[in-house]
Protein chains: 2
Amino acid sequence: MLTPIARQTATDSVFDQVAGEIVSGELGPGDILPSERALATALGVSRPALREALGRLAQAGLVQIRQGGSTQVTNWNDVAGLDLLPRLLLVNGEVDVVVVRSIFEMREVIGTDAARLCARRADTATRERISNEAGAMSISDDPAELAPIALRFWRQVINGSGNIAYRMAHNSLAVTYEPMMDIVAELLRRELTDVRAHQELAAAIAAADEPRARELARHVLRLSEPDWKSALIMIGAQDDD
Amino acid sequence: MLTPIARQTATDSVFDQVAGEIVSGELGPGDILPSERALATALGVSRPALREALGRLAQAGLVQIRQGGSTQVTNWNDVAGLDLLPRLLLVNGEVDVVVVRSIFEMREVIGTDAARLCARRADTATRERISNEAGAMSISDDPAELAPIALRFWRQVINGSGNIAYRMAHNSLAVTYEPMMDIVAELLRRELTDVRAHQELAAAIAAADEPRARELARHVLRLSEPDWKSALIMIGAQDDD
DNA sequence: GGCTACAACTGGTCATACCACTTGACCACC
DNA sequence: GGTGGTCAAGTGGTATGACCAGTTGTAGCC
């Protein structure tokens with residue numbers, strides 16, 4: 001399987017390195033970064049490239065920049081937004097099980113409410129698209145093939161909910177688990193292969209049955225909960241159930 | 001009330017202007033931006049400053065940059081994460097009521113589940129902090145004074161939930177409504193002034209009573225639902241209830 | 001002790017030159 | 001006609017050096 005070779009820019013390298021030091025705790029809240037000139041020299045890049053990275057780190061909520069002052073690490077737990085989540089999945093080369101668990105939990109909560117709202121708000125075309133995607137899930141029982149279909153299914157559901165925050169949070173979550181999509185698909189096997197449950201949900205949405213859509217969405221999104229929970233325990237999470 | 005004068009950098013100005021054109025639809029998905037050299041000249045800034053802005057626009061999911069190619073507007077509805085939400089609140093100088101409604105809905109769903117998980121997972125110190133913040137809510141019945149306390153209350157609840165995605169989504173939401181905090185506080189008056197409800201929730205969390213915490217959180221977070229809903233209708237939202 | 005001026009340092013920007021990559025056109029060969 | 005190679009023009013990526021704008025600390029004066 002051939003994939004494109006992606007050359008990493010200097011700016012990306014700097015961003016990755018500094019962000020990694022911050023989220024891993026090597027650089028803590030309040031720590032002062034060296035001056036731009038010193039940092040550019042230390043990292044072997046030009047100052048403009050370094051500045052690009054710093055601007056992005058500031059946008060990600062990891063540092064605060066003040067002209068004439070110095071660049072300081074934030075208490076990013078309190079200020080960084082959901083877009084930082086992909087950076088937290090792997091810390092020091094290891095999967096952070098709290099991040100994985102958080103993703104599944106959030107996926108369930110948002111998906112459930114999105115389905116409820118979708119039953120109320122979606123237009124006819126969206127309801128049809130949801131039914132079509134639910135139907136398309138019968139083409140295979142391989143999770144790797146079903147995952148993109150399910151993603152499209154939920155995207156339509158969230159579209160139909162009319163809640164743009166759910167839309168964008170869903171995007172943030174998807175970007176986070178995309179690098180381990182095959183593993184996620186396997187963990188969600190029970191959900192992905194239950195075509196009938198998806199179709200019943202699509203039917204409840206089509207029928208504008210809000211409580212039923214909510215109940216079914218919750219059911220679907222919980223089908224694989226035992227599997228991902230036990231997998232997380234296997235790789236180190238505390239069992240809190 | 002004097003506030004610090006924030007001088008806007010050229011990079012910030014470029015970012016704001018281009019992001020505004022994209023989210024307002026003036027620049028649509030697939031549109032090609034002029035070359036960096038042409039755009040820098042057109043906007044009257046240097047190319048490095050322009051590049052800093054473009055890198056940030058790419059990070060925000062609004063454009064895609066390819067070396068040797070051109071910079072293209074994404075279908076950002078499908079790729080931008082939650083951190084873009086503040087940019088969507090005001091479009092063409094007007095409040096987007098869908099964004100406001102989305103925030104309130106998401107706040108309720110995440111807050112409810114966070115309280116449930118908090119009852120299960122929080123350590124003793126966090127439970128105490130939650131109780132302390134609930135207690136602190138009796139110092140006033142002015143929403144403007146209560147809003148920061150409530151924010152801290154919910155921040156602790158979300159801390160205690162152990163769900164980092166909720167944490168960061170909450171940060172993203174907070175940044176979005178912060179510029180209109182006084183209006184939001186007024187809309188949430190019924191919630192913010194109901195000290196007893198907050199204290200009962202804190203007690204349920206302290207008692208590790210998960211279902212009760214969930215029920216009470218939902219109750220608290222829905223107290224002001226009629227108010228924000230009618231306010232949204234007044235400024236133009238469709239009533240979909 | 002408080003105020004002012006200055007120097008040193010930091011971040012912000014600009015101009016210029018050059019490097020790396022992409023695309024399209026053209027040519028040669030099979 | 002299809003494939004591969006080369007070249008030119010254009011785009012993004014980077015570096016260097018100079019200068020501007022803001023911040024902080026120190027010294028001197030009253």
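Just so we're on the same page: letters track the sequence lines, and every chain starts at 1.
A search for side chain to side chain contact (heavy atoms under 4.5 Å, CB included) contacts involving B/Ile32 returns B/Ser70, B/Gln72, not counting sequence neighbours. The side chain to side chain contact (heavy atoms under 4.5 Å, CB included) search around B/Arg66 returns none, not counting sequence neighbours. Scanning for ring-ring contact (aromatic ring centres under 6.0 Å, His included) contacts around B/His170 gives an empty result, with sequence neighbours left out. Taking B/Ser140 as the reference, nothing meets the side chain to side chain donor-acceptor pair (under 3.5 Å) condition, with sequence neighbours excluded.
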**Study point:** Footprint string (nucleotides 12-23 of chain C, 5' to 3'): B base within contact, S backbone only, - free, heavy atoms under 4.0 Å
**Key:** BBB---B-BBSS

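Note on residues 38-66 of chain A: no pairs pass ring-ring contact (aromatic ring centres under 6.0 Å, His included), not counting sequence neighbours. Within the structure, every pair that satisfies the salt bridge (Lys or Arg N to Asp or Glu O under 4.0 Å) test and touches residues 126-141 of chain B, not counting sequence neighbours, is listed here: B/Glu133-B/Arg152. Residue pairs meeting the salt bridge (Lys or Arg N to Asp or Glu O under 4.0 Å) criterion with at least one partner in residues 169-179 of chain B, sequence neighbours excluded, are absent.
Running 5' to 3' along DNA chain D, contacts with non-hydrogen atoms of chain A at under 4.0 Å begin and end at D/dG13 to D/dT24.
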